[in-house]
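Remarks on the structure that follows.
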Amino acid sequence: MPAQIKHFIIITLLSCNFLVFSQTENVTHNTSVKDSIETYLTNASNAINIPQLEKALYNITMANELALKHNNKTYRAKTNRVLAELYFMLGDFISAEERIINAIKIQRKENDQIALANSYNIYGAIKTKLKDFNTAKKHLGQAFSLITDNNLKKLEGPLKLNLGLLALAMDQPNIAIKHFNSGLPSINSQDQFYYKAKLYTNKARAQMDLNLLDESIGTNDLAMQIGKQMRYLEIQSEGYELYSQIYESKKDYQNSLKNLRIHQQFNDSLFNISQEIIAQDARAKLNMDEDKVIIEELTEENKQQQKSLKLGRLTTILSIALITILSLLTLSLYKNNNLRARANELLQNKNTELILAKENAERASEAKVQFLSTITHELRTPLYAVTGLTHLLLEESPTPNQKEHLNSLKFSGEYLLSLINNILDLNKLEAKKVEIENTSFNLQKRINDVLIALGKSANDRNNKLHYTFDKTIPPKLKGDPLKISQILINLIGNSIKFTQNGDIWINVKMINHIDNKVFLNFEIKDNGVGISDKKQQSIFENFTQGSVQINRKFGGTGLGLSIVKNLLSLMDSEIKLESQLGLGSKFHFDLRFEVFKDPSTNYQEEAKLIDYEIMVDKRVLVVEDNKINQLITRKILEKNKMICDVADNGDIAVNKAKNDTFDLILMDIHMPGISGIEATRQIRQFNTEIPIVALTAVTLDDNLDEFYNNGFNDIIPKPYKTEEFFTKLHKAFFKKETTS
């Protein structure tokens with residue numbers, strides 16, 4: 001048999017067998033390809049703004065190759081759009097227009113309105129540079145309609161910027177300033193620092209055109225601040241050029257010349273970068289030419305082979321070859337069908353096994369959730385006794401030394417409650433489903449409380465704590481104070497544990513302050529045992545410590561640093577470690593906060609306004625099965641001159657509410673017999689007026705509607721803060737008096 005026919009048969013058999021597996025791989029492969037293209041395009045856009053144009057071209061090239069290879073029209077369009085942005089940055093507006101037109105053609109066919117909005121916006125900017133103002137206005141209008149219809153908040157600011165640039169190019173500086181001012185709030189809300197700097201630069205240019213020279217300098221200062229902070233070379237170059245023009249208008253020629261020289265240095269740098277990109281582009285074209293030559297050579301070789309085959313083909317050999325090929329193809333199809341049948345059977349068996357495994361995993365997950373729900377209640381109930389007794393002791397005029405210890409105990413109780421929640425919901429934490437609160441707090445006071453709570457541990461190990469707090473940090477910030485405390489307690493406690501007769505430094509300083517946002521750096525450093533390079537790679541994993549010897553010597557679960565890592569990840573930050581064995585360790589991280597002035601009143605402030613006379617002689621029924629909790633709640637109520645009665649379970653509570661008169665009921669949830677929810681439901685059948693407040697240790701994340709729907713007026717989670725307890729009681733009594 002001729003070699004060519006053998007080659008054809010082998011290819012046919014391989015192709016048939018390959019079809020069985022190729023379909024199952026396509027779905028996951030396509031997903032990874034799309035993710036890769038998105039990553040390349042995002043990196044390219046970011047690099048254009050800095051500018052790192054060589055990096056931008058590399059990422060665009062990689063994205064384009066993948067999009068062409070897999071014939072993905074959507075990503076081909078996106079690649080053309082980003083490449084248009086690159087050409088726009090280089091000043092090649094003709095090439096930029098060609099690329100954006102290609103992108104728009106594909107996006108119109110795909111009816112991709114979100115992508116079209118972005119492309120029309122860029123096309124309008126290109127036409128503005130080409131001084132085709134009517135076409136620019138038309139495309140920016142189309143972008144405006146799509147952005148409005150699809151509520152594309154992220155594109156509102158860039159569109160307003162381009163409308164302002166169009167007005168500026170048409171010698172309409174007043175209209176330009178109006179567009180810039182209307183776009184600024186959207187850009188601020190989206191943290192679009194590049195567009196913000198660009199907006200300030202061109203607003204300053206419009207102010208200069210209106211001869212508002214001092215205002216123009218101030219606006220340009222804002223642009224330069226962002227440009228230097230974010231390292232936008234283009235913004236800095238334009239800013240120095242604008243300074244030069246403004247000072248020239250003010251006849252301050254010395255400052256004008258100084259800024260012009262700095263602008264020229266930046267401009268030269270940007271030109272060199274652009275030149276390098278153009279060289280890269282040329283090399284890419286050369287590679288394409290080489291590929292074209294290779295394809296032409298292969299085509300010529302193929303033609304020669306075909307000629308040789310035609311010359312050597314004989315009628316008899318061809319007939320035998322055709323019969324042989326048909327026979328082999330039939331055999332191949334038969335074997336392929338058998339393979340496919342076996343593969344289908346194997347897939348069905350595996351699918352059945354996967355379904356069973358999934359069901360088992362779901363049952364295990366449900367059991368785990370039930371266990372966590374039960375253990376949460378069991379842990380919170382004794383913790384309520386600890387915090388309640390601490391409050392009672394604080395009320396009994398302790399000595400200053402005792403008061404400090406009791407305050408530390410109170411703070412530790414609050415921290416322990418947070419820690420219990422995080423440990424019990426560790427799977428939720430790692431799945432990043434833990435919600436970050438956003439409330440106002442005093443960071444310096446919060447850290448002071450942490451250091452007081454850890455002071456005894458530090459003294460026991462003869463360690464000195466050195467604390468510095470940047471005085472420029474605003475007193476009120478917006479964030480999650482409990483999560484911050486948990487991070488710091490874990491890190492400082494870790495340093496105390498692994499340091500003896502040493503020093504621990506806690507430093508908090510402000511890195512930057514932009515608008516109403518502050519960027520802070522936290523550093524916890526010690527001169528303890530240190531961590532080896534090998535162990536630094538795994539120290540943040542669950543249940544991991546430096547070594548077995550360290551675990552035996554110092555104890556601990558190995559969860560602290562893992563929780564810190566997960567919490568910082570939720571706050572868009574990252575823990576960093578520098579350590580050397582025997583010389584100590586340094587943990588540091590950055591966090592961003594909003595400067596916040598809370599207009600609302602917290603429970604501590606509300607508690608100061610409570611009229612305790614309203615509570616005197618009020619009859620309160622405490623429904624609680626735990627004797628210690630009964631004692632604590634009774635003492636707290638009676639100390640404030642209220643009359644207290646107790647019911648050990650829900651059935652007794654229903655009977656007492658039916659046969660006696662009370663001003664308020666404090667209802668526990670988990671009790672022997674009927675639950676607190678069922679007891680409340682029964683009481684509401686004959687009394688709809690009496691305030692019923694849930695005093696419970698259950699998790700409230702997903703159960704609030706259930707409480708209110710079954711007749712509760714309010715909820716106090718245990719362990720509670722005393723201020724919250726009395727504020728909610730006062731609210732219930734006051735509402736009852738005003739409605740009766």
Exercise. Is the closest basic N to carboxylate O distance between Glu97 and Lys127 below 4.0 Å?
Worked result: yes
Problem set entry | Nearest-0.5 Å distance that lies between atom OH in Tyr253 and atom CD in Glu248 | 6.5 Å
Seminar exercise, completed: In Thr219, Asn202, Asn220, the residue satisfying side-chain hydrogen bond (donor to acceptor under 3.5 Å, both in side chains) with Gln207 is Thr219
Exercise. Taking the side chain as C-beta and beyond, is there a heavy-atom pair between Glu110 and Thr74 under 4.5 Å?
Worked result: yes
Exercise. Rounded to the nearest 0.5 Å, what separation is found between the CD1 atom of Ile217 and the CG atom of Leu212?
Worked result: 11.5 Å
Exercise. For residues Asp112 and Gln107, is any side-chain donor paired with an opposing acceptor at under 3.5 Å?
Worked result: no
Exercise. In terms of ring plane angle, is the pair Phe441 and Phe593 parallel, tilted or perpendicular, where the classes change at 30° and 60°?
Worked result: perpendicular
For this session: Would you check if the side chain of Glu574 reaches a backbone N or O of Leu568 as a donor-acceptor pair within less than 3.5 Å?
Result: no
Problem set entry | Cationic N near anionic O, under 4.0 Å, Lys586 to Glu578 | yes
Exercise. Ring centres of Tyr240 and His263 under 6.0 Å apart?
Worked result: no
Problem set entry | Residues Asp515 and Lys196 bridged, charged N to O under 4.0 Å | yes
Problem set entry | Charged N-O contact under 4.0 Å between Asp191 and Lys517 | yes
Problem set entry | Pairing of Asp214 and Lys250 as salt bridge, 4.0 angstrom limit | yes
Exercise. Would a distance-only check, ignoring hydrogens and angles, find a side-chain to backbone donor-acceptor pair under 3.5 Å from Glu156 to Ser186?
Worked result: no
For this session: Would you please test Tyr194 and Tyr232 for ring-ring contact (aromatic ring centres under 6.0 Å, His included) and show each step?
Result: CA-CA 8 Å; Tyr194 175 76; Tyr232 295 146; 5.3 Å; yes
Exercise. Is Asp132 salt-bridged to Lys137, cutoff N-O under 4.0 Å?
Worked result: no
Problem set entry | Set of side chain to side chain donor-acceptor pair (under 3.5 Å) partners for Gln229, sequence neighbours left out | Asn512
Exercise. Do Glu85 and Arg81 meet the salt-bridge criterion of a basic N to acidic O distance under 4.0 Å?
Worked result: yes
Exercise. Is any side-chain N of the basic residue among Lys509 and Glu523 closer than 4.0 Å to the acidic one's carboxylate O?
Worked result: no
